[in-house]
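Because the structure is predicted, anything quoted here is derived from the model rather than measured.
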Amino acid sequence: MIAFVSGPVAALAPDSAVVEVGGIGIAVQCTPNTLSGLRMGRPARLATSLVVREDSLTLYGFADDDERQVFELLQTASGVGPRLAQAMLAVHSPDTLRRAVATGDEKALIAVPGIGRKGAQKLLLELKDRLGEPVGAPAMGRPVTQSWRDQLHAALIGLGYATREAEEAVTAVAPQAEAAGGTPQVGQLLKAALQTLNRAR
């Protein structure tokens, strides 16, 4: 198993990064939150989880070991594959997920694309004794959804756009974020922002 990758960031995309390790570019699937902390050409260390399929090898990257552990624990629930587990971590931090499961918060899980009410109820039952207790201090509200503007801005800067371009793109997708209600998906907003920037160039 590849436990982590460490090296300069060679490329960034809306849902992945390439980290140069010993002269080899390793492609890693990441959440927008993880990507927002990376910068082109700067050293990075990502905890990783290798998912092996008959026709593919996919490496998923995380900001820290705790996030990777939760990613792997989520997949022990029936019906949860790596993409859904990553989507859950794109919307909620590990501790937010732990609190949601500990308190039976269906709404928090339904906020994740691909999870309906019945799926949320099933996941709460299956994950109740697996994720453990929150390890950090209680978060005020949902940090991911509260700071979508900051996350999106940081992700665009990380992709090499100028500060002004990033600010204009964030403003351009604000109506889409507001239409999504209290839980805008940063990954979708990033794709929309990139389309806006491509049209402007």
Side-chain angles (χ1 to χ4, degrees), residues 1-77 79-98 111-115 130-131 135-136 143-145 147-148 150-161 166 169-170 184-195 197-198:
M1 177 182 171
I2 302 172
F4 69 89
V5 295
S6 179
V9 177
L12 287 168
D15 59 358
S16 64
V18 175
V19 178
E20 185 179 337
V21 181
I24 299 172
I26 306 292
V28 187
Q29 297 291 311
C30 304
T31 65
N33 194 35
T34 299
L35 290 169
S36 69
L38 304 179
R39 297 291 181 271
M40 284 286 294
R42 301 284 288 276
R45 185 186 188 280
L46 296 174
T48 56
S49 179
L50 181 64
V51 176
V52 181
R53 294 284 186 265
E54 287 185 11
D55 59 346
S56 66
L57 293 172
T58 306
L59 200 60
Y60 290 84
F62 308 94
D64 54 42
D65 293 335
D66 183 42
E67 198 172 63
R68 178 187 60 197
Q69 182 181 21
V70 170
F71 171 79
E72 292 174 348
L73 287 172
L74 289 172
Q75 292 176 73
T76 63
V80 178
R83 288 190 178 280
L84 183 56
Q86 190 181 47
M88 293 170 78
L89 286 165
V91 176
H92 300 297
S93 69
D95 265 3
T96 303
L97 283 172
R98 290 190 182 100
V112 179
I115 298 180
R130 300 183 192 178
L131 291 188
V135 295
V144 171
T145 55
S147 61
W148 70 264
D150 292 338
Q151 283 191 51
L152 182 56
H153 188 273
L156 290 168
I157 296 295
L159 287 169
Y161 288 96
V170 169
Q185 303 303 315
V186 178
Q188 294 175 6
L189 295 176
L190 181 55
K191 289 178 182 177
L194 289 173
Q195 288 174 354
L197 289 164
N198 287 337

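Smallest separation of non-hydrogen atoms from A169 and A193: CB-CB, 4.0 Å. The heavy-atom pair separating L35 from P14 by the smallest distance is CD1-O, 3.2 Å. V9 and R39 get closest at one heavy-atom pair: CB-O, 3.3 Å. Here the shortest heavy-atom pairing between A44 and L38 reads CB-CD2, 3.7 Å. Minimum heavy-atom separation, R68 to A47: NH1-CB, 4.1 Å. Counting all heavy atoms, side chain and backbone alike, S36 lies closest to N33 at OG-O, 2.6 Å.
Interatomic distance, F62 CZ to F71 CZ, rounded to the nearest 0.5 Å: 4.0 Å. Between L189 atom CG and K191 atom NZ the span is 11.5 Å, to the nearest 0.5 Å. Distance CG/L190 to CG/D15: 9.0 Å, rounded to 0.5 Å.
Put simply, the side chain of L84 reaches to within 4.5 Å of the side chain of V112, judged on heavy atoms. Counting only heavy atoms from C-beta outward, the side chains of M88 and I115 approach each other to under 4.5 Å. With contacts defined as side-chain heavy-atom distances shorter than 4.5 Å, the pair T34/E67 qualifies. R98 has its side chain within reach of P94: a pair of non-hydrogen atoms, C-beta onward, lies under 4.5 Å apart. Side-chain contact check for I26 versus I2: every heavy-atom pair is 4.5 Å or farther apart. L12 has its side chain within reach of M40: a pair of non-hydrogen atoms, C-beta onward, lies under 4.5 Å apart. At least one side-chain heavy atom of L59 sits under 4.5 Å from a side-chain heavy atom of V5.
Panel note: side chain T48, backbone F4; a donor-acceptor pair is recorded below 3.5 Å.
The number of heavy atoms from other shown groups lying within 6.0 Å of CZ (R83) does not exceed 12.
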